[in-house]
Undergrad: 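Submitted below is the structure of interest, expressed as structure tokens.
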2 protein chains.
Amino acid sequence: MKPLAEQIKLDFRAGEPLYMQIARQVEQMVAAGLLQVGDQLPTVRELATELRINFNTVARAYHVLDDQGLISTQRGRGTYIWEQPTEEMMQKLKQKTLEELAQRFLEESQNLGYSPEQAAEVLRQVIAASGTADMAASNIDQEM
Amino acid sequence: MKPLAEQIKLDFRAGEPLYMQIARQVEQMVAAGLLQVGDQLPTVRELATELRINFNTVARAYHVLDDQGLISTQRGRGTYIWEQPTEEMMQKLKQKTLEELAQRFLEESQNLGYSPEQAAEVLRQVIAASGTADMAASNIDQEM
DNA sequence: AAAACAAAGATACAATAATACAATCATCCA
DNA sequence: TGGATGATTGTATTATTGTATCTTTGTTTT
């Protein structure tokens with residue numbers, strides 16, 4: 001297949017920002033099946049050089065797609081098309097898991113030798129700590 | 001016991017660096033008693049191959065653990081769980097692990113769209129249910 | 001015209017990978 | 001026995017790749 005860079009056309013005079021043009025065209029290629037799960041996208045620098053723009057602009061486009069879950073950007077490794085769970089899959093995953101998560105948390109805590117009450121107490125503390133916006137690193141150790 | 005490599009799960013999309021994920025999970029296995037004094041860890045290349053990452057990333061994880069005194073890495077020899085941590089170290093390690101477990105439980109719950117309070121409430125119910133013989137699936141969603 | 005905002009670029013940084021290296025071990029043969 | 005040699009293991013250094021932060025620029029708003 002032709003290099004991705006050659007398939008992306010930028011219109012420097014369009015109202016649409018460059019990074020959105022890139023993101024949109026990658027989306028369309030995925031939708032068209034031209035890009036498939038696991039495919040590696042060009043590095044931000046490669047694509048930027050081809051398109052004669054700054055690599056941060058490509059990085060912004062990739063960031064948008066990453067937020068969508070369409071791709072996976074991995075520092076030091078590269079950028080890849082990511083499996084996108086369907087809405088119903090997400091829904092199914094959501095159904096049962098909260099209790100299972102709690103169950104697993106409890107089991108793992110008990111494996112460490114803690115009682116369910118201690119596990120619950122630490123959870124409360126972690127919640128409290130993450131709730132405070134500016135929390136000086138809470139030290140739970142002394143409190144138990 | 002299952003090979004260590006199979007027990008380590010990497011999330012390539014997580015914010016947490018891969019080497020930290022590895023180091024943390026090894027810590028947790030030590031805290032849980034799954035790894036004991038003298039046990040040999042996989043070589044950096046073995047583990048890296050299994051995890052499909054570069055062996056330097058494993059080496060970096062091992063280096064972190066070596067600095068903590070938890071393991072001993074020896075060029076040409078391999079990597080081993082170091083002397084049994086003192087009771088105090090073990091206590092701290094377990095405490096840290098428990099907090100990390102709570103943190104992860106919380107994050108995963110929130111990823112599913114639940115509030116910290118809902119997560120805590122479900123945990124309470126699971127605890128209560130595990131006390132009694134059977135636990136009917138509680139449906140907390142409508143209650144909060 | 002000045003302020004405010006967003007897009008794009010420049011620069012420094014952090015995580016991962018690639019490559020070459022040094023220490024140790026295992027094997028074999030004199 | 002012991003030295004040679006190749007394989008294995010962790011280490012050091014450098015390159016690659018995405019990220020964070022700040023600056024510049026152009027457009028819009030007031």
Side-chain angles (χ1 to χ4, degrees), chain A residues 3-5 8-27 30 35 38-82, chain B residues 3-5 8-27 35 38-83:
Chain A
L4 180 66
I8 293 185
K9 301 296 181 209
L10 291 186
D11 180 354
F12 288 89
R13 317 182 71 178
E16 186 182 30
L18 298 179
Y19 75 95
M20 286 300 275
Q21 293 184 40
I22 297 169
R24 176 176 49 74
Q25 290 180 51
V26 170
E27 275 179 24
V30 171
L35 289 173
D39 284 353
Q40 177 166 17
L41 299 178
T43 69
V44 292
R45 285 170 177 81
E46 272 175 17
L47 186 51
T49 300
E50 293 291 331
L51 299 176
R52 301 172 194 268
I53 58 178
N54 188 275
F55 67 81
N56 279 297
T57 303
V58 177
R60 275 189 198 99
Y62 282 3
H63 186 67
V64 169
L65 296 169
D66 191 290
D67 280 348
Q68 292 179 11
L70 194 66
I71 66 176
S72 166
T73 59
Q74 301 167 25
R75 170 188 313 198
R77 307 192 92 218
T79 301
Y80 302 84
I81 301 294
W82 195 253
Chain B
L4 179 65
I8 293 185
K9 299 290 181 223
L10 292 185
D11 180 355
F12 288 92
R13 304 196 70 192
E16 186 181 32
L18 300 179
Y19 76 95
M20 287 297 277
Q21 293 185 39
I22 297 169
R24 176 175 50 74
Q25 290 179 51
V26 170
E27 275 180 15
L35 289 173
D39 284 352
Q40 178 166 18
L41 299 178
T43 69
V44 292
R45 285 171 177 81
E46 273 176 15
L47 186 50
T49 299
E50 293 290 332
L51 298 176
R52 299 171 194 264
I53 59 178
N54 188 274
F55 66 81
N56 279 297
T57 304
V58 177
R60 190 166 176 187
Y62 282 2
H63 186 66
V64 169
L65 297 168
D66 191 291
D67 280 348
Q68 293 178 11
L70 200 63
I71 68 177
S72 165
T73 59
Q74 303 165 27
R75 173 189 307 200
R77 294 181 51 79
T79 302
Y80 302 84
I81 301 296
W82 195 230
E83 65 187 17

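A, B, ... follow the sequence lines: proteins, then strands. Residue 1 opens every chain.
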Undergrad: Please give, in whole Å, the distance from C/dA14 P to B/Gln21 CD?
TA: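 Distance check: B/Gln21 CD to C/dA14 P gives 19 Å.
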Undergrad: Side-chain contact, heavy-atom cut-off 4.5 Å: B/Trp82 with B/Leu65?
TA: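 No, every pair of side-chain atoms sits at 4.5 Å or beyond.
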Undergrad: Between D/dT21 atom P and A/Arg60 atom CZ, what is the distance in whole Å?
TA: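 In whole Å, D/dT21 P and A/Arg60 CZ are 13 Å from each other.
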Undergrad: At under 4.0 Å, does any side-chain N or O of B/Thr57 touch on OP1 or OP2 of C/dA15?
TA: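 Answer no for this pair, as no side-chain N or O of B/Thr57 is under 4.0 Å from OP1 or OP2.
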Undergrad: Report yes if some heavy atom in the side chain of A/His63 is under 4.5 Å from a heavy atom in the side chain of A/Tyr19; otherwise report no.
TA: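 A side-chain contact under 4.5 Å is absent here.
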Undergrad: Rounding to an integer number of Å, can you tell me how far B/Arg52 CZ sits from C/dA17 C1'?
TA: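 Taking atom C1' of C/dA17 as the reference, CZ of B/Arg52 is at 17 Å.
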Undergrad: Base, backbone or nothing for each nucleotide of nucleotides 6-20 of chain D, written B, S, -, heavy atoms under 4.0 angstrom, 5' to 3'?
TA: ---BBBB----BBBB
Undergrad: Expressed as a whole number of angstroms, how long is the span from B/Leu18:CG to C/dA17:C1'?
TA: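 Rounded to the whole Å, the gap is 11 Å.
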Undergrad: Please name the residue in the list A/Leu41, A/Thr43, A/Asp66 that meets the side-chain contact (heavy atoms from CB on, under 4.5 Å) test with A/Thr79.
TA: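 The residue from A/Leu41, A/Thr43, A/Asp66 that satisfies side-chain contact (heavy atoms from CB on, under 4.5 Å) with A/Thr79 turns out to be A/Leu41.
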Undergrad: Let me know the distance between CE of A/Met20 and P of C/dA6, rounded to the nearest Å.
TA: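 Interatomic distance, CE of A/Met20 to P of C/dA6: 14 Å.
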Undergrad: Return the value, rounded to whole Å, for the distance between atom CG of A/Asn54 and atom P of C/dA12.
TA: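 Rounding to the nearest Å, CG of A/Asn54 and P of C/dA12 are 14 Å apart.
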Undergrad: Please report, rounded to the nearest Å, how far the C1' atom of C/dA8 is from the OH atom of A/Tyr19.
TA: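 Whole-Å distance recorded here is 11 Å.
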Undergrad: Is there a side-chain contact between A/Leu51 and A/Leu18 in this structure, where contact means two heavy atoms from C-beta onward sitting under 4.5 Å apart?
TA: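 They are not in side-chain contact.
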Undergrad: Evaluate the side-chain proximity of B/Val58 to B/Glu46: yes if any heavy-atom separation is below 4.5 Å, no if none is.
TA: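 No, side chains not in contact.
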Undergrad: Taking the side chain from A/Arg60 and the backbone from A/Met20, do they hold a donor-acceptor pair closer than 3.5 Å?
TA: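 Answer holds: no.
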